[in-house]
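Before any comments, here is the structure.
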Amino acid sequence: MDIVSFLIQCLNSVQYGLLLFLVASGLTLIFGIMGVINLAHGSFYMLGAYLAFTLAGLTGNLFIAIPLGIVLAVAFGYVLEWAFFSYLYERDHLQQVLMTYGLILVFEELRSILVGDDVHGVQVPALLDGALPIGNDMTYPVYRLFISAVCLVVALAMYYVIRRTRLGMMIRAGATNREMVQSLGINITVLYRFVFALGVALAVLAGMIAAPVSSVYPGMGAQVLIVCFVVVVIGGIGSVKGALVASLLLGFVDTFGKVFWQEAAGVLIYLLMAVILLWKPQGLFKAG
Amino acid sequence: MNQQNPAAAAAAPMIEATGINAWYGSSHVLRDIDFTVGAGETVGLLGRNGMGKSTLLRTLLGHVRQRQGRIVVAGREVSRAQPFEVARLGVAYVPEGRGIFPSLSVRENLLMAARKGCHGRNDWDEARVLDLFPRLKERLSHGGQQLSGGEQQMLSIGRALMTNPDCLVLDEATEGLAPRIVREIWAVIATVRATGIASVVVDRNFRSVLAHADRAVVLEKGRVVLSGPASDLAGKPEALDRYLGV
Amino acid sequence: SASAQTAAPAAGAPAGGKIKVGFMLPYTGTYAALGNAIENGFRMYVQQQGGKLGGREIEYFKVDDESDPAKAPENATKLVKRDQVDVVVGTVHSGVQMGIVKVAKENNTLLIIPNAGVDEATGPLCGPNIFRTSFSNWQPGYAMGQVLGERGLKKVVTLTWKYAAGEQSVKGFKEAFEAKGGKVVKELSLPFPNVEFQALITEVASLKPDAVFVFFAGGGAVKFVKDWAAAGLKDKIPLYGSGFLTDGTLEAQGNAAQGLETTLHYADGLTNARDKNFRLDYAKTYKLQPDVYAVQGYDAAQLLAAGATAVKGDMTRKADLYKAMGGARIDSPRGTFTLSKAHNPVQDFYLRKVDGRENKVSSVAVKALADPARGCRL
Amino acid sequence: MNAPATTILEAQQLTRRFGGLTAVAGVDLTLALHEIHAVIGTNGAGKSTLINMLSGELPASSGRLRLKGEDVTGWSQPRLARHGVGRSYQRNNIFLPLTVRENCRLAAQSRAQRAWRLWESAQGCRTAATLADEAMERAGLEHLADRRASDLAHGQKRQLEVAMCLATQPVALLLDEPLAGMGAEESARMLALLRGLREGHAILLVEHDMDAVFSVADRITVMVNGAVIATGSPEAIRTNHEVQVAYLGEEEDEAA
Amino acid sequence: MNPTTLPARRHAARNATLATALGWVVAFAVLAGLPLLLTADSHKFYIELLSKVMIMAIFALSLQLLIGYTGLVSLGHAAYFAMAAYATAMLAPQSGPGNGWVLLAGALAASAALALVVGALVLRTRGVYFIMVTLAFAQMVYFVFHDTKVAGGSDGTYIYFRPEFPVPGEHLLTVNDPMHFYWLVWLGLVATVAVLMLVLRSRFGHALVGIRHNEQRMRAAGYATYRYQLGAFVAGGLLAGLAGFLYAIQFGFVNPEIASWHQSGNAMLMVILGGVGSLAGAVLGAFSFVLLAEWFSTLTKHWQLLMGGFIIVAVALLPRGLVSLPSVLRHGRRRRRNGDAGSGTGEAPAEPRSHTEAA
Ligand SMILES: Nc1ncnc2c1ncn2[C@@H]1O[C@H](COP(=O)(O)OP(=O)(O)OP(=O)(O)O)[C@@H](O)[C@H]1O
Ligand SMILES: Nc1ncnc2c1ncn2[C@@H]1O[C@H](COP(=O)(O)OP(=O)(O)OP(=O)(O)O)[C@@H](O)[C@H]1O
Ligand SMILES: CC(C)C[C@H](N)C(=O)O
Ligand SMILES: [Mg+2]
Ligand SMILES: [Mg+2]
């Protein structure tokens with residue numbers, strides 16, 4: 001492999017890693033920090049993609065659709081938490097597995113009923129529809145750079161909020177001892193409802209932003225779900241930094257694995273996860 | 001030493017509870033308890049293991065869901081309120097078992113609780129808490145999980161103080177603390193009392209309790225069997241022997 | 001659209017009652033749209049015959065195969081044993097198809113495959129009761145190999161999902177292409193249904209081939225074509241594929257797909273009258289444009305009709321039934337086709353070019369292409 | 001010197017570091033049969049960490065551990081436990097969803113594990129049942145035997161904590177603040193129990209209740225910041241100036 | 001019954017045990033008797049369906065041992081199921097029926113060996129990390145079957161001849177007859193339940209429950225917990241292997257998808273749906289999961305909506321799974337909201353605080 005291709009592959013790795021992080025960020029919040037095993041996270045991602053498709057169709061521009069979608073997502077997440085999650089915190093985690101599995105089925109069917117089973121595309125906004133030349137015969141789409149930028153912003157913002165602000169501390173505290181958090185005068189019910197909604201919004205944001213490059217199709221949520229869990233777990237549950245590092249690591253392993261060791265491309269991320277967890281049973285960066 | 005605190009007489013009671021009953025499942029743990037904490041008053045709560053002291057505290061704070069009776073805190077009825085609402089009225093809680101957030105560092109445990117008091121009071125901040133417990137200063141960036149038992153106890157008290165409460169509820173706050181620190185804690189309670197902050201104290205060392213409290217209440221099997229000024233109770237060894245087994 | 005017709009309590013159907021047709025198709029998941037199109041096509045033909053084949057009415061049974069091979073044998077058993085259908089029509093996914101073939105062979109139940117191209121079904125596992133109205137995975141690949149070989153290309157890279165449909169498609173391509181003197185310099189693949197193509201696209205570019213040949217379908221096809229264009233390779237390295245790359249996906253692919261050439265047994269802009277009518281009727285009935293899957297479903301019904309008519313509706317005369325079906329000439333919207341010995345269509349493969357929202361036919365790539373049916377002993 | 005004959009557990013220069021922090025620094029300690037050895041010290045002095053190392057729960061960073069003369073450094077906790085080292089925890093560490101009896105029975109069952117005997121019922125194991133009953137009775141929990149552990153009051157949980165340690169029939173008992181959270185009556189009872197256990201056991205008692213410590217201990221070791229600053233008889237310790245300053249505080253106000 | 005609560009009062013416990021035993025006997029008798037009712041030709045399907053459900057019940061039971069009693073939440077349990085199924089397919093002779101007993105032994109050995117190797121490694125991790133590492137190993141198994149040609153790659157492979165089960169002297173069992181196969185599976189299920197009951201009442205079983213609730217304490221008491229867990233893990237793998245073996249001979253077709261995480265996930269869902277920590281729960285979970293899907297899918301093509309709705313309602317109303325339905329009905333929903341904090345994480349067993357309530 002010549003040096004140019006190598007550099008481009010590195011760029012690909014970073015880009016894929018960052019996209020992974022964006023999708024996994026919401027999961028870091030809901031699963032990693034709040035401690036809710038949320039299998040429906042992929043569905044929220046899918047919801048985002050379909051929202052992008054629908055809203056961009058209605059408004060004619062993805063950039064108008066995105067804020068609109070986020071507002072909808074927050075409202076949706078808020079209601080969802082109230083209806084399906086609020087009484088699960090004190091129960092066994094496995095109940096959450098079952099509940100969110102039920103939700104996946106429901107979301108998937110509702111999608112099928114409401115929007116159908118066709119594959120759709122979403123237009124890249126005209127503003128970002130350019131491409132930068134790399135090397136002699138390849139170009140790099142501006143929109144992908146934009147995605148990377150969004151990912152970085154989200155990563156930094158999340159890290160800041162969760163590690164540095166009192167809000168972040170309250171959220172982390174609530175995962176281990178809800179009763180005590182209440183005793184400090186914090187309305188944990190509303191706080192968690194809000195954080196959950198935020199997690200949903202992150203997934204939806206990821207889905208909307210990724211829609212133009214990933215296209216919009218049934219079952220897209222399921223594909224991304226497991227990889228997101230792998231990211232969160234390898235990084236160390238609850239660690240934003242860990243999730244970011246893990247995403248990038250997966251990006252590199254996946255990208256270079258496909259090129260150098262095709263036969264094992266599918267198994268590589270699992271191999272990686274197994275090796276890392278056997279070496280560090282708490283993930284790369286144990287939170288707290 | 002046991003003279004009435006002057007602040008206590010003046011204002012409305014901090015906590016006023018009447019006819020409290022509480023259940024865990026179908027076991028009836030508290031029976032018709034009346035319990036009052038005057039503003040700035042220090043009340044000791046005594047009783048053998050399993051008599052309902054913690055349950056009473058948790059009921060007043062809104063943690064026990066199955067409860068009956070009327071609870072008024074700082075003039076507001078909170079009989080059916082959520083724990084955070086009670087806390088916002090200026091009641092801080094140091095639970096038995098400490099309730100440290102294991103995934104937060106010592107500093108974070110303190111900072112997340114920081115809050116101005118109800119009356120804008122802001123005497124307790126990180127610096128003052130750390131002055132009180134120098135041991136914590138050395139551990140600031142350690143996770144709550146990594147502290148020794150006594151360090152956790154200090155942190156729990158410090159965290160409660162960070163909310164600048166009008167009433168401090170201490171459930172076995174000296175458990176696991178070295179004698180020197182225990183004395184400091186009692187000194188804190190005295191300080192707190194002097195600044196007009198009320199407190200409810202459960203402690204196994206009834207002598208210390210009686211020495212530092214204005215009033216004491218003794219529970220037996222979920223009922224109040226004895227109550228009155230602390231100095232009076234201190235003079236009734238036979239009753240104490242009967243209800244506390246000393 | 002066709003509403004759910006569900007299992008009546010199974011009771012031994014009296015001879016001369018209805019012919020029981022069992023659809024085993026994906027109604028949920030990634031291939032749901034394909035399953036629906038196949039069913040629509042099938043029903044439309046039956047409708048056109050007044051709801052009867054071979055003089056008997058048709059009763060439908062449906063099972064959602066979820067594109068899950070693990071459930072395939074069980075699901076197929078449902079139709080065969082519970083509903084006791086006379087014919088199973090299914091399915092889309094090659095893995096599931098293997099399970100159905102197994103059950104059909106064991107019970108000697110008539111099976112018509114309306115899509116899945118898995119070579120084995122009309123190869124080593126072929127049987128007198130197993131028919132296909134679609135294609136073998138080998139076929140479209142072979143057709144494209146022929147085309148590129150004739151164009152004199154020398155150096156080609158292939159890229160596909162690593163599972164039956166992809167691998168067999170590439171195998172067909174390679175066979176034809178290398179026979180014409182070309183060389184497949186590298187075979188790239190990624191696990192199904194992974195859609196992270198970027199690394200492989202870069203790899204292809206660095207190999208600087210004369211062209212690439214790919215197999216992708218559905219959502220993956222959309223993403224691949226867009227990624228390819230976004231990487232700036234669209235005008236640098238010609239991209240070819242089997243027709244699934246651009247079937248049912250053009251709306252989503254938009255500009256990125258313009259000008260792509262693919263080979264398939266169906267295309268837009270065919271001139272035969274049969275196709276014109278078919279398209280009109282389909283659009284009228286379902287308020288949808290038909291696609292290759294609808295055609296395959298339609299032809300599955302035609303093939304069944306051919307057999308049913310020959311035995312006058314007596315589906316128990318299996319030998320005659322199979323014989324009639326095997327010898328049928330199907331007047332398909334794609335053009336007339338016959339069946340090979342192994343019961344796979346011997347059909348023309350079109351070279352198509354994307355133009356707007358259509359896969360416009362540009363020529364016939366290979367006339368009457370027959371799958372070699374390696375391993376079949378019929 | 002006839003110490004080796006009765007020495008059960010012996011720590012030599014045990015050290016434990018957590019990152020930059022040395023929680024236990026080169027501690028030498030012996031536990032002898034028929035003796036209650038109290039370890040007291042400031043909060044965070046490393047007492048619990050010491051117990052963790054003595055019981056094998058934490059590996060030592062350096063130093064050696066001997067059990068009845070045998071070098072057992074690096075043995076796993078279960079192995080040490082089966083050889084007679086039992087411990088209680090400062091923070092309750094019990095089987096919350098199980099009943100008090102089951103808590104004790106499970107602990108006792110470790111004396112007769114025989115896991116491969118799949119056909120035998122655990123309930124039918126006499127040894128375990130007897131040991132469990134005995135432990136509950138000693139800790140004063142018989143009347144609560146069928147309560148779920150999670151439904152106990154704090155003090156009762158503390159009693160259970162000790163009962164579970166007793167149920168494993170250890171020779172060396174490492175008790176981490178067994179009196180914490182217990183009321184006066186229960187404390188007195190526990191102390192009586194400890195006195196009774198002295199015969200035939202080697203007991204390490206970590207406790208902040210000075211009345212209790214001075215009333216039962218045969219020997220006292222004082223730790224500050226990971227190191228032992230004094231060790232000796234109760235009288236010697238009580239009057240040791242260093243101990244006064246570092247731990248007890250200048251004056252004791254209500255100690256008897 | 002709920003062995004998670006090691007029985008509290010001997011007396012009450014004995015009654016409960018009796019009632020449970022009676023419940024199982026009745027259930028098994030009904031299952032054994034069903035084929036006598038389903039005699040018509042078209043009923044054959046239901047016989048086969050029930051066989052399949054019982055196989056899934058065995059699979060769920062094997063996982064229940066890990067999740068419900070040992071606290072090892074494995075999301076890779078399909079690997080052992082698949083391993084046995086593949087072993088069966090690969091050992092089965094191409095030219096004629098094989099000896100079922102030999103195949104069974106081979107299949108069980110293969111799955112147990114795999115479980116031993118994987119278990120030895122994954123038991124280093126805990127909690128969610130454990131879930132994910134078991135998943136990782138299962139995915140590796142999946143990809144080995146999927147991407148290598150050892151057994152047909154992604155197409156899977158066939159068992160052309162159903163094996164025979166010679167019983168000394170004669171060939172009592174010919175599994176080509178669905179009825180015979182049904183009873184073979186029935187026997188497998190009965191054996192599985194019996195073995196598990198025995199295991200759970202033994203000291204080994206009690207120790208597992210202890211480890212599930214508090215591993216640290218068990219170590220302090222002197223249990224080498226790793227060995228116990230590994231033992232349970234291998235036993236779970238072995239029983240999953242039994243299910244995989246039966247699956248392979250029922251359908252005569254194995255495909256990599258049976259090792260996929262969906263398959264593992266389904267088993268886990270059955271266990272949770274039925275009730276964690278209850279053998280009856282696992283069986284109930286398997287029956288309802290499979291049969292409801294079956295039924296719903298005959299009602300509408302959007303049947304997954306019904307399934308999803310059912311699951312959501314079940315979680316909301318039955319925190320302890322379907323097994324708790326009778327007790328919830330009996331006690332009304334009075335105490336559903338009672339669970340006061342402090343009673344722990346909700347890992348409480350299915351008959352919570354019945355003693356305190358009686359007090
Ligand atoms: N979560 C619970 N569920 C059921 N019963 C409980 C629960 N917590 C406490 N109890 C019971 O309620 C009674 C009162 O308990 P409480 O904790 O209030 O006692 P306490 O006076 O604080 O005792 P201690 O001094 O030991 O802390 C005890 O008998 C106890 O067993
Ligand atoms: N896992 C750990 N990681 C880092 N530091 C730890 C860990 N465990 C204990 N420490 C530190 O080691 C020191 C000794 O702790 P230890 O629990 O042994 O004290 P202790 O003597 O038992 O105190 P106390 O009387 O308060 O229980 C403390 O400063 C504590 O913060
Ligand atoms: C063209 C595709 C829909 C083919 C299908 N994926 C198969 O497995 O054969
Ligand atoms: Mg208490
Ligand atoms: Mg300690």
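Just the heavy atoms: all of them, side chains too, but no hydrogens, waters or symmetry mates, feed the values below. Letters A, B, ... mirror the listed sequences (proteins, then strands); counts begin at 1.
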Discussion item. As an exercise, state the distance from CG of B/L61 to CD of A/E179, rounded to the nearest 0.5 Å.
Written reply: 9.5 Å
Worksheet item: Side-chain contact, heavy-atom cut-off 4.5 Å: A/I186 with B/M112?
Response: yes
Fill in: Under 4.5 Å from a heavy atom of chain A, the part of B/V91 involved
backbone
Response to the item:
From the list B/L111, B/L110, B/N109, side-chain contact (heavy atoms from CB on, under 4.5 Å) partner of A/M169 resolves to B/L111
Fill in: CD1-OG distance between A/I237 and B/S103, expressed to the nearest 0.5 angstrom
12.0 Å
Worksheet item: So what's closer than 4.5 Å to chain A heavy atoms on B/T163: side chain, backbone, both or neither?
Response: side chain
Worksheet item: Side chains of B/H63 and A/S183: does their closest heavy-atom pair fall under 4.5 Å?
Response: yes
Worksheet item: Would one find more than 12 heavy atoms of other residues, nucleotides or ligands at under 6.0 Å from atom CZ of B/R76?
Response: no
Practice prompt. Measure the spacing between CG of A/N177 and CZ of B/F101 and express it to the nearest 0.5 Å.
Written response: 5.5 Å
Discussion item. For A/F76, is the CZ atom crowded, meaning more than 12 foreign heavy atoms sit under 6.0 Å from it?
Written reply: yes
Discussion item. With a 4.0 Å cut-off on N to O distance, would you call A/R166 and B/E108 a salt bridge?
Written reply: no
Discussion item. Rounded to the nearest 0.5 Å, what separates atom OG1 in A/T189 from atom CZ in B/F84?
Written reply: 6.5 Å
Worksheet item: Is the shortest heavy-atom distance from the side chain of A/N187 to the side chain of B/R88 under 4.5 Å?
Response: yes
Worksheet item: Can you tell if the side chain of A/M180 reaches within under 4.5 Å of the side chain of B/R159, non-hydrogen atoms only?
Response: yes
Discussion item. Between B/R65 and A/E90 (salt bridge meaning N to carboxylate O under 4.0 Å), is one present in this structure?
Written reply: yes
Response to the item:
In short, A/A173 meets B/L104 closest at the heavy-atom pair N-CD1, 3.8 Å
Worksheet item: Highest number of heavy-atom pairs under 4.5 Å with chain A: which of B/A160, B/G144, B/A114?
Response: B/A114
